[in-house]
Amino acid sequence: MHEFSICEGLLDAVLSEMKRVRPPARRLLKTRVVVGAMRQIVPDSLIFAYQSLTKGTAAEGSSLDIVPAPVSAKCRQCGWQGKGGHPSFQCGQCKSYDLDIEGGTELYLESLEVEQDE
Amino acid sequence: MSSRKIKVYRDLMGENAKWAAQTRDLIKEKDITMINIIGSPGCGKTTLLESLGSGAGSAMRFAVLEGDVETTRDAERLAALNVSVSQLLTGGACHLEAKLVHHALKDLSLDKLDFVFVENVGNLVCPAEFDIGETAKVAVLSVTEGEDKPLKYPLLFREAGSALVTKTDLLPHLDFDIESCIGFMRRVNADISIIKISATSGEGIDEWIKWLLQLRN
């Protein structure tokens, strides 16, 4: 949820990074964000918010690429490490629920793809 | 023309995180334990705080930041028990954010307090996403809700240090399978402390206070 307010933060970050690009970019082609599976974010809503908020800015016309990060965990019983679809998933080896969740809550701007003069 | 990829790695909750960090510094400096209480509307959050205000919490010096969309009704309930309370009105937002909480904290007499309880807006979804700089989150789930809520709202139960299963005095009238509910909570978070609690019967209140006090050791 709160895709619009998250996108406002995203847009601030994108525009401030674009100002720092040397040599200056002609235009922004793509923004890539990583969103963990446990974050309660709907990708289509995030894309819609991005398209709405980038209008009239230096990021207008760019696309938003959302890279999902799965929930990853380590079993505290047997040491197994792996990925799963739900945070209460079981150890793939011993079926325990006693897991240290290591990944799945990421929410960050990973990279920008810009167009530059040769 | 060519394209070029620029690596950034910037946290998208950075603005909220900055305020949450300022709150963490403030509560550390003032030796305050701040608890973020999160649960559905009507699960018993305010009633639990009334229990603390009515005597059970007499050993704790505490204040409450009361979060709601509208009205000051919850703050009034607590003020009637002489609890030091500030009402935070979001006017529409479904959760509290770190900036609002930080400003409200600074208005409290922090030197005279050990605990600040933040009663978040009634909601199992959004408050779990927004770090407000708390020492610990407490998830509140009543026996009049479904046993499987911990599986349906995993982020909250994952983030919480303790879960309170409230209104246990009603169990004789319900088909609620409390042990299944506790099992689901443990699946999502093997470390969570789970307390069966009833403001009506008093069950679990002392246990919860003990859990709160041990956070300060």
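None of these values were measured; they are calculated from a predicted model. Reckoned from all heavy atoms, side chains included, excluding hydrogens, waters and symmetry mates.
- The pair A:D12-B:R10 does not meet the salt-bridge criterion, since no charged nitrogen lies less than 4.0 angstrom from a carboxylate oxygen.
- For the set B:E15, B:H95, B:R186, the count of heavy-atom pairs under 4.5 angstrom toward chain A peaks at B:H95.
- For A:V14, no part lies under 4.5 angstrom from a heavy atom of chain B.
- Ring-plane geometry between B:W208 and B:F117 is classed as tilted, the angle between the planes lying from 30 to 60 degrees on a 0 to 90 degree scale.
- Summarising the local packing, CZ of B:R73 is surrounded by 12 or fewer heavy atoms from other residues, nucleotides or ligands at distances under 6.0 Å.
- By the 6.0 Å contact criterion, CZ on A:F48 is open, its count of non-hydrogen atoms from other residues, nucleotides or ligands being 12 or less.
- Here A:R39 is the residue among A:R39, A:E106, A:R26, A:R27 with the most heavy-atom pairs under 4.5 Å with chain B.
- For a residue to count as touching a neighbouring chain, one of its non-hydrogen atoms must lie under 4.5 Å from one of that chain's; by this rule A:V34 does not touch chain B.
- Using bins of under 30°, 30° to 60° and over 60° for the plane-to-plane angle, the ring pair B:W19/B:H102 lands in the tilted bin.
- A:L10 touches chain B through backbone and side chain together, each having a heavy atom under 4.5 Å away.
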